[in-house]
Amino acid sequence: MDFSTNPVLNREFYLQDTVVVAKEIIGQILLHETADGIIAGRIVESEAYINGDPANHAARGMTMRNRVMFGPPGHAYVYMIHTHWCLNAVTQPDGVAEAVLIRAVEPLEGIHLMIQSRRTDVFRNLCSGPGKLTKAFRIDRKHNGSDLVTGHLRIVEGQRIRNLVQTTRIGISQGVELPLRFYSAEHLKWVSKR
DNA sequence: CTCTGGATTGAC
DNA sequence: TCAATCCAGAGG
């Protein structure tokens with residue numbers, strides 16, 4: 001398995017409606033070329049954060065933290081929650097602050113590196129949550145603003161998912177009723193638990 | 001269920 | 001300066 005030669009998802013992909021991006025990103029491959037080797041996995045769970053959405057970090061305007069959300073599409077917005085980093089893909093044109101949170105990944109390549117980073121060898125716990133997958137993939141604040149189209153951390157073409165489930169989002173206190181979370185029913189084993 | 005514990009934000 | 005808040009995770 002070597003996903004580093006798969007075609008990368010281009011800039012236009014991230015210019016689509018954010019809910020469409022959140023759906024279509026399921027099944028694609030998150031890939032990180034590190035000095036120690038390639039780490040890759042299939043995205044199986046996502047959430048959309050959109051305009052007019054109270055749970056969007058950018059809902060109350062631009063701050064130092066959320067400024068990359070206002071930048072061009074196809075870049076990584078990485079922020080810390082509690083003690084964990086979370087990875088988002090910025091969508092929409094420059095000036096519009098929307099993003100897709102990547103919540104879970106099925107481990108595919110570089111699993112020994114994931115085990116090393118996560119300090120667990122329980123496969124289904126390696127990447128089944130937003131904080132777990134960033135640790136497994138060695139993603140942190142230095143990736144904030146990095147380009148997911150041209151960089152070492154990128155998203156490449158995977159497979160199309162037929163059995164997509166749409167539900168409400170996890171862990172938020174506002175906008176709880178909005179059905180903006182998506183996961184692949186075929187990959188339930190790798191999806192985070194509520 | 002509880003405990004852990006980093007960083008941002010906006011109030012004072 | 002400071003405390004509330006935040007898109008968790010681990011362990012029991």
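Chain naming here is simple, since letters A, B, ... match the order of the sequence lines and numbering starts at 1 in each.
In terms of position on DNA chain C, the residue among A:K132 and A:Y49 whose nearest nucleotide sits closer to the 5' end is A:Y49. Between A:R60 and A:W85, the residue whose closest nucleotide on DNA chain B is further toward the 5' end is A:W85.
Taking the side chain as every heavy atom from C-beta outward, A:N88 and A:V100 never approach each other to under 4.5 Å.
Applying the 4.0 Å criterion to OP1 and OP2 of C:dT5, one finds that A:S173 has every side-chain N and O outside that range. In this model, the phosphate group of B:dT8 is not approached by any side-chain N or O of A:R67 to a distance below 4.0 Å at OP1 or OP2. Between A:T83 and the phosphate of C:dA8, there is no side-chain N or O to OP1/OP2 separation shorter than 4.0 Å. For C:dT5, neither phosphate oxygen OP1 nor OP2 lies less than 4.0 angstrom from any side-chain nitrogen or oxygen of A:R65.
A stacking contact links A:H82 to C:dC6: the aromatic ring centre lies within less than 5.5 Å of the base's six-membered ring centre, and the planes differ by less than 30°.
Judged by the 6.0 Å distance and 45° axis criteria, A:R169 is positioned over the aromatic ring of A:Y49.
Environment of CZ in A:F123: sparse, with no more than 12 heavy atoms of neighbouring residues, nucleotides or ligands closer than 6.0 Å.
Cluster annotation: A:L153 and A:V44 are assigned to the same hydrophobic cluster (Ile/Leu/Val/Met/Phe/Trp/Tyr, side-chain heavy-atom contacts under 4.5 Å, transitive).
Every stem involving DNA chain B, taken as at least 3 paired positions in a row under the Watson-Crick or G-U wobble test at 3.5 Å, is listed here: B:1-4 with C:8-11, B:6-11 with C:1-6.
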